[in-house]
Amino acid sequence: MHPALGLLLVVLFWGGNFSVSKLALAEIPPLPFTAIRFAAGSALLWLVVRGREGRATPPPGTLGPLLGLGVLGNTVYQLCFIQGLARTTATNSALILASMPTVVTVGGGLLGLERTTARERWALALATVGVVAVVLARGGGMAGGDLVGDLLMLGAVLCWAGYTLGLRRLGTGLSPLALTTWTMVLGTPGLVLAGLPGLVRLDWGTVSPTAWAALAYATLLSLVAAYLLWSHGVQRLGAGRAALLTLLTPLVATVTAMLLLHERPGPVHLAGGACILGGVLLGRRRVPAATSRNEG
């Protein structure tokens, strides 16, 4: 498969994941949903990496930091993401997460990992205005969103920024796919423990085929297939070109939410989304592959 086509599929998978996951969450509580998704997804990715790269063992002294980053970038991030998605709209979720690259870039400057320019600081300001507009916007035909859900999504953005910057400082020598898999595997036990009570209580006989199909989509397509295609696309086309394509993810997410969930974003949502994407474009300079995730 051509890498550009693979990246477009990633955009479709990630953009659709917000709405498809919300369909599953109508029947499967957020924590059991995430526990199953990541237990299966991390196991499948582990098998793929073992088949491609062998054991791909982290260098001595890096397993502890990888565990911490796995907890931050997978356990805590996913808890914020799925609980936020359950409480707010798919459109708000996608737009808020779209601010990740700008937050990572400016965060790297604040930590001294790289020098930021005035343009990049203005980019963060523009993206921040957009996020605030999306968070404060109510109505617009999008029932079901609340402030707590939006704030949880903001927490997810900060977790992912910390995870990405931590990986940048660590430098393990692993391939991007192996690094993603290691942190996912190390972060999954916390998600399983969090979801275990709900897994036991849920009457699985009442879960419809639609919800099972949505869970399969979120696991096999949005998680496993997307990461494999993303890794291949970044390797062949470069992180910058790949990240540019992911700017389409919020658009796909919004259109999908309109079709599947009947969400109708209002003018404030659209203006806020334009500010967020404008900030990402304005601040685009060096976009590491790990900063461009636009889904859960």
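Keep in mind it's a predicted model, so treat the numbers as computed, not measured.
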inquiry  = Do Ile36 and Thr219 have side chains that approach each other closer than 4.5 Å (heavy atoms only, starting at C-beta)?
reply    = no
ask   = Considering all heavy atoms of both residues, which atom of Val192 and which atom of Ala39 are nearest to each other, and what is their separation?
value = CG2-CB, 4.2 Å
ask   = Looking only at atom types and distance, does a side-chain atom of Tyr217 sit under 3.5 Å from a main-chain N or O of Phe13, one as donor and one as acceptor?
value = yes
Only distances under 3.5 Å count here; give the side-chain donor-acceptor pairs of residues 195-206 to other protein atoms, sequence neighbours excluded, each with its distance to 0.1 Å.
from, atom 1, to, atom 2, distance (Å)
Asp203, OD1, Gly205, N, 3.2
Trp204, NE1, Leu199, O, 3.0
Thr206, OG1, Asp203, O, 2.7

ask   = So, does Ser19 use its side chain to make a donor-acceptor pair with the main chain of Ala257 at under 3.5 Å?
value = yes
inquiry  = Donor-acceptor check, side chain of Arg37 to backbone of Ala218, threshold 3.5 angstrom: yes or no?
reply    = yes
ask   = Considering residues at least two apart in sequence or located in another chain, which fulfil the side chain to side chain donor-acceptor pair (under 3.5 Å) criterion with Thr183?
value = Tyr163
inquiry  = Can you give me the closest heavy-atom contact between Gly15 and Val252, atom names plus distance?
reply    = CA-CG1, 3.8 Å
ask   = Can you tell me if Thr75 uses its side chain to pair, donor with acceptor, with the backbone of Gly187 under 3.5 Å?
value = yes
ask   = Once you round to the nearest 0.5 Å, how far does OG1 of Thr164 lie from CG of Leu72?
value = 9.0 Å
message = Whether the side chain of Gln83 engages the backbone of Gly149 through a donor-acceptor N/O pair (distance < 3.5 Å, no angle test) should be reported.
response = no
ask   = Can you tell me how far the OG atom of Ser93 sits from the CG atom of Asp150, to the nearest 0.5 Å?
value = 7.0 Å
task = Determine whether Leu179 and Leu167 make a side-chain contact, defined as any pair of heavy atoms from C-beta on separated by less than 4.5 Å.
result = yes
request  = Examine distances only and state if a side-chain atom of Thr181 and a backbone atom of Leu177 form a donor-acceptor pair shorter than 3.5 Å.
outcome  = yes
query = Within a strict 4.5 Å, meaning less than it, do heavy atoms of the Trp160 and Leu97 side chains meet?
reply = no
query = If you look at every heavy atom in Pro265 and Thr254, which pair is closest and at what distance?
reply = CG-CG2, 3.8 Å
ask   = Hey, any chance Leu12 and Leu248 share a hydrophobic cluster, counting ILVMFWY side chains that come within less than 4.5 Å of each other, even indirectly?
value = yes
request  = To the nearest 0.5 angstrom, please state how far the CG atom of Leu85 sits from the CG atom of Leu152.
outcome  = 10.5 Å
query = If you look at every heavy atom in Leu25 and Pro30, which pair is closest and at what distance?
reply = CD2-CA, 3.6 Å
key: Single-linkage hydrophobic cluster, 4.5 Å side-chain cutoff, Leu126 and Leu154 together   = no
ask   = Does a donor on one side chain sit under 3.5 Å from an acceptor on the other, for Thr34 and Gln78?
value = no
ask   = Would you find a donor on one side and an acceptor on the other, under 3.5 Å apart, between the side chain of Ser99 and the backbone of Ile96?
value = yes
N/O donor-acceptor pair under 3.5 Å between Lys22 side chain and Asn17 backbone = no
request  = Following the transitive rule for hydrophobic clusters with a side-chain heavy-atom cut-off under 4.5 Å over Ile, Leu, Val, Met, Phe, Trp and Tyr, establish whether Leu95 and Val129 coincide in one cluster.
outcome  = no
query = Atom CZ of Arg169 and atom CG of Leu69: how far apart are they, to the nearest 0.5 Å?
reply = 10.5 Å
key: ILVMFWY cluster membership beyond Leu259 - transitive side-chain contacts under 4.5 angstrom   = Leu251, Val255
message = Taking Tyr227's backbone N and O only, do any of them form a donor-acceptor pair with Ser231's side chain (distance below 3.5 Å, no angle check)?
response = no
ask   = Where is the tightest heavy-atom contact between Gly41 and Leu223, given as atom of each residue plus distance?
value = CA-CD2, 3.9 Å
query = Does some side-chain heavy atom of Val207 sit less than 4.5 Å from a side-chain heavy atom of Trp212?
reply = yes
ask   = Is it true that a side-chain atom of Trp14 and a backbone atom of Ser222 form a donor plus acceptor pair closer than 3.5 Å?
value = yes
query = Is there a side-chain contact between Leu186 and Leu63 (heavy atoms, below 4.5 Å)?
reply = yes
query = Are any of the side-chain heavy atoms of Met153 and Cys80 separated by less than 4.5 Å?
reply = no
query = Are Val48 and Val10 in one and the same hydrophobic cluster, where Ile, Leu, Val, Met, Phe, Trp and Tyr link if side-chain heavy atoms are under 4.5 Å apart?
reply = yes
inquiry  = Taking the side chain as everything from C-beta on, heavy atoms only, tell me whether Leu45 gets closer than 4.5 Å to Leu228.
reply    = yes
request  = Identify the heavy atoms of Ala94 and Ala253 that sit nearest to each other, and give their distance.
outcome  = CB-CB, 3.4 Å
query = Out of curiosity, Asn74 CG to Met184 CE, how far, rounded to the nearest 0.5 Å?
reply = 5.5 Å
key: Value rounded to 0.5 Å, distance of CH2 in Trp182 from OG in Ser42   = 12.0 Å
inquiry  = If you define the side chain from C-beta out and look only at heavy atoms, does anything of Leu215 sit under 4.5 Å from Phe33?
reply    = yes
ask   = If Ile, Leu, Val, Met, Phe, Trp and Tyr residues are connected whenever their side-chain heavy atoms lie under 4.5 Å apart, and connections chain through other members, are Trp46 and Leu174 in the same group?
value = yes
